[in-house]
Amino acid sequence: MTPVSARPDPAVGNIRPLPRAFFARDPRRVAREILGKLLVREGDVRQGDMHRVGRVVEVEAYLGEKDPAAHAAAGNTERTRVLFGPPGYAYVYFIYGNHYCLNVSCEREGKAGSVLFRALEPLLGIESMAHARKLSRIEALGDPRRLTSGPGRLAEAFGITRARDNGSDLTSSQSSLWLGEDNFADAAVRVSPRIGITKATANPLRYFLAGNRLVSGPRLRSSSG
DNA sequence: ATATCGATTATCT
DNA sequence: GATAATCGATATG
């Protein structure tokens, strides 16, 4: 008879919001360090919605006006104004007539720069994610990559839209969508060129956790600390 | 496993 | 009018 001394590890412990200063830096630094952090969607309890939490496993850095692949290269327009605002806010855009994608603003007011979220590892609220993605429980558990691997997929799994989330403060746990950290241990990071762009394609600005199955696209590029 | 292609609309030229 | 920080389906090895 084994003693019931050890509870099973919870998927995630206490989650602390990331401070604004975390985002007030070069997007390359933010991208590298945000791997292993958590994206949280607070459930709408009145609609029987569960909280959704995923661990960030793949991101890309966009460097602002000087980066030809960045939306900020078009200047401060109605669409891109969040990128030019203060750090730590959600920039959500609509692409290919079908999908939303989530960024967090970096740098400082007046200086654009952001990190695009490309893949998460689902931890809590998997059934809500599956529902949002129009997948059965079986399909979601059988291949979690269909849930949150890819920027469009993770946005859909977390119910992220421009109308709902663009401009919201991702450093406040009062927000419906926010970023936090638990005590996740540092893991090996890999770097590769960014995906889906046609300009500045050679720059290694895609960062992902080595060996993580939720990473979208190629998983075998250059090693990095 | 990789390759190609259509969907569908906000934004910019 | 063209393009896009994508996805899912289909075809093929």
Side-chain angles (χ1 to χ4, degrees), chain A residues 23 26-28 30-32 34-35 39 54 56-85 87 89-107 112-120 122 129-136 138-140 142-167 170 177 179 190-208 211 213-221:
Chain A
F23 302 100
D26 186 298
R28 287 166 287 206
V30 178
R32 183 180 294 277
I34 209 165
L35 291 172
L39 180 67
V56 180
V57 301
E58 179 189 355
V59 294
E60 285 174 358
Y62 286 86
L63 306 184
E65 286 180 284
K66 65 176 186 289
D67 179 359
H71 290 179
N76 188 345
T77 66
E78 171 73 30
R79 182 202 200 190
T80 61
R81 74 184 152 72
V82 175
L83 295 175
F84 291 84
Y89 289 82
Y91 169 61
V92 180
Y93 66 91
F94 187 62
I95 191 69
Y96 295 116
N98 285 293
H99 310 288
Y100 292 98
C101 297
L102 173 69
N103 288 240
V104 60
S105 63
C106 301
E107 300 284 7
S114 64
V115 169
L116 168 70
F117 293 87
R118 288 197 55 90
L120 307 172
M129 297 183 203
H131 183 255
R133 292 273 299 125
K134 304 180 186 75
L135 297 174
S136 71
I138 300 298
E139 288 170 324
D143 187 1
R145 282 176 293 192
R146 294 176 68 185
L147 240 31
T148 54
S149 183
R153 287 174 179 162
L154 78 85
E156 188 171 47
F158 275 63
I160 293 166
T161 65
R162 182 167 158 87
R164 182 178 181 186
D165 299 299
N166 190 54
L170 298 181
L177 188 69
L179 288 161
R190 289 180 189 278
V191 180
S192 83
R194 294 175 292 188
I195 292 177
I197 57 173
T198 58
K199 298 165 189 164
T201 54
N203 299 263
L205 295 174
R206 171 174 174 254
Y207 302 81
F208 55 99
R213 292 202 66 76
L214 273 293
V215 171
S216 72
R219 296 197 294 253
L220 296 175
R221 298 293 183 209

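Bear in mind that the values here come from a model prediction, so they are computed numbers and not experimental data. Chain A is the first sequence line, chain B the second, and so forth, proteins listed ahead of strands; every chain is numbered from 1.
- Considering only side-chain N and O atoms, His71(A) lies under 4.0 angstrom from the phosphate OP1 or OP2 of dA5(C).
- Across all strands shown, nothing is found opposite dT8(B) as a Watson-Crick or G-U wobble partner with both distances under 3.5 Å.
- Taking the charged nitrogens against the carboxylate oxygens, Glu156(A) and Lys134(A) do have a contact shorter than 4.0 Å, which makes a salt bridge.
- Using a 4.0 Å cut-off, no side-chain N or O of Thr77(A) falls inside it from OP1 or OP2 of dT11(B).
- The salt bridge (Lys or Arg N to Asp or Glu O under 4.0 Å) test with Glu58(A) singles out one residue from Arg118(A), Arg153(A), Arg194(A), Arg190(A), and that residue is Arg118(A).
- Taking side-chain N and O atoms only, Arg194(A) has no distance below 4.0 Å to OP1 or OP2 of dA4(C).
- In this structure, Arg146(A) does not reach the dC7(C) phosphate: none of its side-chain N or O atoms is under 4.0 Å from OP1 or OP2.
- Distance CZ (Phe117(A)) to C1' (dT6(C)): 18 Å, rounded to an integer number of Å.
- With rounding to whole Å, Leu154(A) atom CG is found 12 Å from dG8(C) atom P.
- One can place CZ of Phe94(A) at 11 Å from C1' of dA7(B), the figure rounded to the nearest angstrom.
- Residues His71(A) and Tyr62(A) keep their aromatic ring centres 6.0 Å or farther apart.
- Put simply, CG on Asn98(A) is 9 Å from C1' on dT9(B), counting in whole angstrom units.
- Heavy atoms of Ile197(A) sit under 4.0 angstrom from primed sugar atoms or phosphate atoms, though from no base atom.
- Ring to ring, Tyr91(A) and Tyr89(A) are not that close: their centroids are 6.0 angstrom or more apart.
- In this structure, Tyr62(A) forms an aromatic stack with the base of dA5(C), since both conditions hold: centre separation below 5.5 Å and plane angle below 30°.
- For dA10(B), the base has no donor-acceptor partner in the side chain of Tyr93(A) [N/O atoms by modelled type, under 3.5 angstrom].
- Using Watson-Crick or G-U wobble geometry with both donor-acceptor distances under 3.5 Å, dA5(C) finds no partner in any strand shown.
- Nucleotide dT6(C) holds its P atom 10 Å from the CD atom of Glu58(A), rounded to whole Å.
- By the 30° and 60° cut-offs, the orientation of the rings of Tyr100(A) relative to Phe94(A) is tilted.
- The residue Gly97(A) sits close to a base: some heavy atom pair falls under 4.0 Å.
- Remark: Thr198(A) is in phosphate contact with dA4(C), judged by side-chain N or O atoms under 4.0 Å from OP1 or OP2.
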